[in-house]
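See structure below.
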Amino acid sequence: MVDADGEREITAMRARELGRKSVVVGDRVALVGDVSGRPDTLARIVRIEPRTSTLRRTADDTDPFERVIVANADQLAIVTALADPEPRPRMIDRQLVAAYDAGMDPLLVLTKADLAPPAALLEIYEPLGVPYVVTRRGDDPAELRELLAGRVTVLVGHSGVGKSTLVNALVPDAGRAVSHVNAVTGRGRHTSSSALALELPEKTGWIIDTPGVRSFGLAHVKPENVIDAFEDLAEGAAERCPPHCDHLQADCGLDSWVADGHAGQARLDSLRRLLRSREGDPDQPTEQHDDPPVP
């Protein structure tokens, strides 16, 4: 199923001239054939239009092969439960890096606030200025619905955090299966095997539900794509950092930039935490179950 015109999904087969080039959820394509959408009709995809954004990940930080998750989304909703399962800040960090690399706006969606308060987790991300919304089970996600209006938003997060529950609340006829968290391992069970794009009621936007992930490799991400998301620090990097500075080395000019009052220390600490996550730092594991929970 491919969204051909932003309003309708049409069953289509790939034209031979496209070769092995992959079509992913969110791609805008050119079709030939019967595009009425009636049962038993067929159309061929003959061209994939240029993508405005590409959300990617690798299996780990050494994997040279990228996996495209979705195309043409403009907002990445990082869905994290505040409890059951416990939040994993390092996984959030990695997904933030992926959002910045893709040129997408990140949004923290904190679920299950009826089980635990959000203050400790929000304190970690306050210096980044990432917008957030807090939801509770059984409540109408009205605030989230407003943040999705007019956007194409992809929902990411590991299993059991409540993505499918949110999708079913936002799109009542979606019928997404809901998983439960294993009481022994603290992990959710995968209930979605592929990404699915759904139009919000009254055509107010699109959401793309994705399968739960336990790792989020960033081998494809360049350091400059991360720091570009920090405008106050990017200026200092251009002015004071030596060539090929990874902003983790001892002579990084960002330390003096912050000391001179051009940016806050908390912002620099957040940047370096994200860069270490991208580097595959042993203290920043990719696996969600290796990440210590928020105190």
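- Between Ala237 and Ile227, the shortest heavy-atom contact is CB-CD1, 3.6 Å.
- Atom CG in Asp139 sits 12.0 Å away from atom OG1 in Thr111 (nearest 0.5 Å).
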* To do: Go through Arg88 and Asp93 one step at a time and tell me if the salt bridge (charged side-chain N to carboxylate O under 4.0 Å, His left out) criterion holds.
  => CA-CA 9 Å; Arg88 310 289 175 173; Asp93 289 348; over 6 Å; no
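- Not counting sequence neighbours, the partners of Asp269 by the side chain to side chain contact (heavy atoms under 4.5 Å, CB included) test are Gln265.
- Here the side chains of Thr153 and Ile208 are not in contact, with every heavy-atom distance at 4.5 Å or above.
- A donor-acceptor pair under 3.5 Å is formed between the side chain of Asp63 and the backbone N or O of Ala59.
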Original post:
Does the pair Asp101 and Lys222 meet the rule for a salt bridge (charged side-chain N to carboxylate O under 4.0 Å, His left out), with working shown?
Top reply: CA-CA 8 Å; Asp101 178 67; Lys222 298 178 180 179; over 6 Å; no
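- Side chain of Thr58 to main chain of Ala219: a donor-acceptor pair is present (N/O by atom type, distance under 3.5 Å, no hydrogens or angles).
- Taking each heavy atom of Lys112 and Val161 in turn, the nearest pair found is CE-O, 4.1 Å.
- Nearest heavy-atom pair across Ala195 and Val25 is O-CG2, 3.6 Å.
- You'll find the side chain of Leu275 reaches within 4.5 Å of the side chain of Leu271, heavy atoms only.
- Under the 4.5 Å side-chain heavy-atom criterion for Ile, Leu, Val, Met, Phe, Trp and Tyr, Leu115 and Leu122 are members of distinct hydrophobic clusters.
- Side-chain contact between Val154 and Gln75 is absent, with no heavy atoms from C-beta onward closer than 4.5 Å.
- A donor-acceptor pair is defined here as one N or O able to donate and one able to accept, closer than 3.5 Å; such a pair exists between the side chain of Asn72 and the backbone of Gly26.
- For the pair Leu170 and Arg145, the minimum side-chain heavy-atom distance is below 4.5 Å.
- Judged by distance alone, the side chain of Asp27 and the main-chain N or O of Val29 form no donor-acceptor pair under 3.5 Å.
- Between the side chain of Thr54 and the backbone N or O of Arg51 there is no donor-acceptor pair closer than 3.5 Å.
- The side-chain heavy atoms of Val109 and Leu166, taken from C-beta on, include a pair separated by under 4.5 Å.
- Separating the CZ atom in Arg136 from the CG atom in Leu82 is a distance of 9.0 Å, to the nearest 0.5 Å.
- For the pair Ser215 (side chain) and Asp60 (backbone), a donor-acceptor distance under 3.5 Å is absent.
- For the pair Arg240 and Asp260, the salt-bridge criterion is met [side-chain N within less than 4.0 Å of a carboxylate O].
- For the pair Arg272 and Cys252, the minimum side-chain heavy-atom distance is below 4.5 Å.
- What you find for Val258 and Ala263 is that their closest heavy atoms are CG1-O, 3.4 Å.
- In this structure, Leu148 and Thr204 have side chains that are not in contact, with every pair of non-hydrogen atoms separated by 4.5 Å or more.
- A pairwise comparison of heavy atoms in Pro85 and Ser159 identifies CG-O, 4.2 Å as the closest pair.
- Of the possible donor and acceptor atoms, none in the side chain of Arg67 sits under 3.5 Å from a partner among the backbone N and O of Arg57.
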Assess the residue pair Leu42 and Asp34 against the criterion (side-chain contact (heavy atoms from CB on, under 4.5 Å)); give the C-alpha distance rounded to whole Å, side-chain angles, the decisive distance to 0.1 Å, and a yes or no. CA-CA 6 Å; Leu42 186 67; Asp34 190 331; over 6 Å; no
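- Within 6.0 Å of atom CD in Glu126, 12 or fewer heavy atoms from other residues, nucleotides or ligands are found, so the atom counts as exposed in its surroundings.
- Heavy atoms only, all atoms of each residue included: Ala102 and Ser53 are closest at O-CB, 3.6 Å.
- Here the side chain of Asp246 pairs a donor or acceptor atom with the backbone of Gln249 at under 3.5 angstrom.
- The CZ atom of Arg151 sits 4.5 Å away from atom CG of Asp105, with the distance rounded to the nearest 0.5 Å.
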_Test side-chain contact (heavy atoms from CB on, under 4.5 Å) on Ser22 and Val68; report intermediate values, then the result._
CA-CA 9 Å; Ser22 295; Val68 176; over 6 Å; no
Please assess Ile78 against Tyr132 for the test side-chain contact (heavy atoms from CB on, under 4.5 Å), listing each intermediate value before the final yes or no.
CA-CA 9 Å; Ile78 301 171; Tyr132 67 89; over 6 Å; no
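- Applying the ring pair (Phe, Tyr, Trp, His ring centres under 6.0 Å) rule to pairs touching residues 226-271 yields Trp257-His262, sequence neighbours excluded.
- Thr210 places a side-chain N or O within donor-acceptor distance of the main-chain N or O of Leu155, the cut-off being under 3.5 Å.
- Put simply, CD on Glu66 and CG on Leu218 are 11.0 Å apart, with the number rounded to the nearest 0.5 Å.
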Q) Can you list the steps and then say if Leu268 with Asp255 is a side-chain contact (heavy atoms from CB on, under 4.5 Å)? A) CA-CA 8 Å; Leu268 179 56; Asp255 291 294; 3.8 Å; yes
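- A donor-acceptor contact shorter than 3.5 Å is absent between the side chain of Tyr125 and the backbone of Ser270.
- The shortest distance between side-chain heavy atoms of Thr52 and Asp74 does not fall below 4.5 Å.
- The distance from atom CG of Leu76 to atom CE of Met104, rounded to the nearest 0.5 Å, is 4.5 Å.
- Interatomic distance, CG of Asp251 versus SG of Cys245, reported as 6.5 Å (0.5 Å rounding).
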